[in-house]
Amino acid sequence: MTEAVEKLVKKSEDPSRWYLQLVRMAKLADYGPVRGTFAIRPYGFEIWERVQRDLDDRFKATGHRNAYFPLLIPESYLKKEAEHVEGFDPELAWVTIGGREELEERLAIRPTSESIICDFYRNWIQSYRDLPILINQWCNVLRWEKVTRPFLRTSEFLWQEGHTVHATAQEAREETLRMLGVYRDCFYEAMAIPVLTGAKSPSERFAGAVETYTCEGLMGDGRALQAATSHDLGQNFARAFDITFLDENQDRVHPYQTSWGFSTRTIGGLILVHGDDRGLRLPPRIAPTQAVIVPIWRGKNKGEVRREAEALYTELKDSGIRMEVDLDEEHSPGWKFNEHELRGVPVRVELGPRDIEKGQAVLVRRDTGEKEFVGRKELAEKLEGLMGEIQENMLRQAETFREENTRRAESYEEFKEIIARERGFVVAPWDGTEETEQKIKEDTRATIRLLPFEREEGKDLVSGRPGRTAIFARAY
RNA sequence: CGGGACGUAGCGCAGCCUGGUAGCGCGCCUCGUUCGGGACGAGGAGGUCGGAGGUUCAAAUCCUCUCGUCCCGACCA
C-alpha cells in the first residue's frame, strides 16, 4: 500500500478520526460556517435519498400520507405542553426580527413539530369520522447542539416525523409499535443494520410522551446509537392543545397521538457499522452505485478496451444494476480501485485486454475482497445474485459483531469491567428506579439503551432488588 | 457548558519562542510518456496567515476579545 492510501487512519486505531476523515474523503459531507451545520454532498445525499425512498414506500404501504408544516413556531405554542418545552428549551434557536421590525412574539425554528402540528390538528379534527389522521412530514429541524459531528449530531438535520391521531389508546399504541417495526425492517432489509428494539426507560423518554420505543444499533467501536424512535404520546398533547372530537356516543373526548422519527443520523450509523480500514462499505440496496467498471488499458489497445467497457456498462445498466464506468484517463487502475473502495461501491468489475481476449471480466466484492473471473455472458446474472449475497452477508457480519459484543453481567463488578474494557451491549437486570440508573451512569457512563419486549426477571446488580432485564451501553 | 489542544493555499503541516518581502508535501492546471493495487518528467496557478481590536517604524509571529474545529467530561435524533 502506498502512503496516499494510508492517509485514512485505521478504524481500530482512532475510530473518531477515522470517521471524520472518511466523511470528507468519501465526499459525503462538508463543514458549514455555523457550528453544527453541514453540507450533505451529492454522494451522501444519494444515500439519504435511497433510504428515504425505502422508508417512504413503507409509510405509504401502512396508510400514511405526506404533508408539510411551517418551519417557524410561535413561542406560545411550544409552551403549551410543559414537559415538551422544558425538554427542548435549551436547544432552541429563535427568530426575533422580521424585516427590520422586532417581532411581538419570538418564533422558534422547529426542533420537532408536535406543537405546531397539534395546532392544525385541533381544527382538522371534529368527529371520530376524521380519525385516524396518518400524516408524515419530511423536513429539516434545528437544535442548538454544543458538540456536533457530521451526520451523528448536527444542529440542523434532515429527518422524517410522523404525527398520527387516533380515537383510542389501543390504536395509538398499535400505531407506535407498527412504526417501530417499519423502522426495524428498514434497518434490517435496506441498511443491513441489525438494531435491537424495545422501550426507553422513563428518563430517556421523549419530552411529553407516555412511552418511547427505540431502535438501537451497535457501532463498530462498541458504542450504541439510537437510530430511530417511536413515541406513544397518549393524550398529553391533545389536552395541552385542546384537541377534541365527538365519539360514537356523542361524547366530546381527547384523541390519542403518536409521533415517530428517523434522521440523517442513520447515515452516520451506516458508516460506523459497515465501514472498515479501506473506507466505506455500502449495502447494495442503498448504494448509489452498485458496481463500477474499471477498464485497464495500455497505450495501444486503449480504444478497444474503452469501447468494450462502455458496451459492458450499457449492457449491465440495462439489466437493472446501478452501474458506473470509470473512464478517467488521468488515474491508474490502482488509484481507481482504492477510490471506489473508499466510496464503498459493493462490486468492482475489472476489464482488461486479457479479459477481453478470454471473454470474461473480474468481479471483486467490497464486503469480502473476494475476486472472481466470470464469463461475459453470465455477468449480469452473476452481478444480480451478488447484490443479494452481499446485502445478506453484510447484515450477517453486523449481526455476528453485535452478538459477540452483547454480554450478560452477573455482578456489578463484571458490569463495570465489560463497559470499561470491551464496551458493547451489556444485559443486566434493572430494578426500575432512577437512582440505580443514575448510579450506573455516573460510575460507568453507560445508560439504559432499551428494555427488551421479552420480559426477563432478575436481581438488580446495584440494589439487589428484583427487576427486569435491561440493555445497557455507552451511547453516541 | 466545564478541562485541554488547535485555526497559515483544496487537504496535511513547517514558520511564531527571538517581530523585518509566506514555505514544504499532496492535490489542482498545461504538455508529453504511462496504465492488472494510489505512475513519471517538465512547466504553471493558488494564501488580506479564522475574524476584530491593540502594541510597534514594522505583526503569521507579542497582547485582548471573538468565531470555529478536535479530544476528554455534563445534556440530546
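The figures that follow rest on heavy atoms only: side chains count, while hydrogens, waters and symmetry mates do not. In what follows, chains carry the letters A, B, and so on, assigned in the order in which the sequence lines appear, proteins first and then strands, with residues in each chain numbered from 1.
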[X] [atom1] to [N] [atom2], straight-line distance once rounded to whole Å:
X      : N     : atom1 : atom2 : answer
A:R143 : B:A77 : CZ    : P     : 6 Å
A:E330 : B:U30 : CD    : C1'   : 11 Å
A:M25  : B:C11 : CE    : C1'   : 10 Å
A:Q226 : B:C75 : CD    : C1'   : 13 Å
A:E350 : B:G38 : CD    : P     : 12 Å
A:I296 : B:A39 : CD1   : C1'   : 15 Å
A:M179 : B:A77 : CE    : C1'   : 16 Å
A:D277 : B:G38 : CG    : C1'   : 16 Å

When you measure from the side chain of [X], which nucleotide among [options] comes out closest?
X      : options             : result
A:R348 : B:G36, B:A77, B:G37 : B:G37
A:P333 : B:C35, B:G38, B:G37 : B:C35
A:E341 : B:G37, B:C11, B:C76 : B:G37
A:H331 : B:C28, B:G36, B:C35 : B:C28
A:E91  : B:C76, B:G38, B:C35 : B:C76

[X]-[Y] aromatic ring centre distance below 6.0 Å:
X      : Y      : result
A:Y213 : A:F206 : no
A:W260 : A:F262 : no
A:F237 : A:H84  : yes
A:Y121 : A:F241 : no
A:F151 : A:F157 : no

State the pairing partner of [N]; accept Watson-Crick or G-U wobble contacts with both distances under 3.5 Å, and report none otherwise.
N     : value
B:G7  : B:C67
B:C31 : B:G41
B:C1  : B:G73
B:C62 : B:G54
B:A14 : none

Looking across every strand, which nucleic acid part, if any, lies under 4.0 Å from [X] by heavy atom: base, sugar-phosphate, or nothing?
X      : value
A:K371 : nothing
A:W297 : base
A:T154 : base
A:K336 : nothing
A:V294 : nothing
A:P353 : base

Taking A:K200 as the fixed residue, which of A:E211, A:E216, A:H231 is the one that meets the side chain to side chain donor-acceptor pair (under 3.5 Å) rule?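 Among A:E211, A:E216, A:H231, the one that satisfies the side chain to side chain donor-acceptor pair (under 3.5 Å) with A:K200 is A:E216.
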Is there any protein nitrogen or oxygen under 3.5 Å from a nitrogen or oxygen in nucleotides 68-72 of chain B, and what are the pairs?
| from | atom 1 | to | atom 2 | distance (Å) |
| --- | --- | --- | --- | --- |
| B:U69 | OP1 | A:G36 | N | 3.3 |
| B:C70 | OP1 | A:Y31 | OH | 3.1 |
| B:C71 | OP1 | A:S16 | OG | 2.1 |

Supply the atom-to-atom distance A:R35 CZ to A:K146 NZ, rounded to the nearest 0.5 angstrom. 9.0 Å
So how far is it from A:M191 CE to A:L282 CG, rounded to the nearest 0.5 Å? 9.5 Å
A:W430 side chain reached by A:L461 side chain, heavy atoms, under 4.5 Å: no
Please give the distance between the [atom1] atoms of [N] and [M] as a whole number of Å.
N     : M     : atom1 : value
B:C63 : B:C6  : P     : 13 Å
B:G27 : B:G19 : P     : 37 Å
B:C11 : B:G50 : P     : 13 Å
B:C49 : B:G36 : C1'   : 45 Å
B:C72 : B:C35 : P     : 46 Å
B:U21 : B:U48 : C1'   : 15 Å
B:G23 : B:U61 : C1'   : 15 Å
B:G47 : B:G53 : C1'   : 23 Å

Do you see a donor-acceptor pair shorter than 3.5 Å between the side chains of A:S203 and A:E437? yes
Pick the nucleotide of RNA chain B nearest each of A:L342 and A:F206; which residue has the one closer to the 5' end?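 Of the two residues, A:L342 wins.
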RNA chain B: 5'-proximal contact among A:G352 and A:S263 (nearest heavy atom): A:G352
According to the 5.5 Å centroid and 30° plane-angle thresholds, does A:F262 stack upon the nucleobase of B:A77?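 Here the ring of A:F262 and the base of B:A77 are not stacked, as the 5.5 Å and 30° limits are not both satisfied.
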Verify the contact: side-chain N or O of A:R298 to OP1 or OP2 of B:C35, cut-off strictly under 4.0 Å; return yes or no. yes
Please tell me if A:S332 has a side-chain N or O lying less than 4.0 Å from either OP1 or OP2 of B:A39. yes
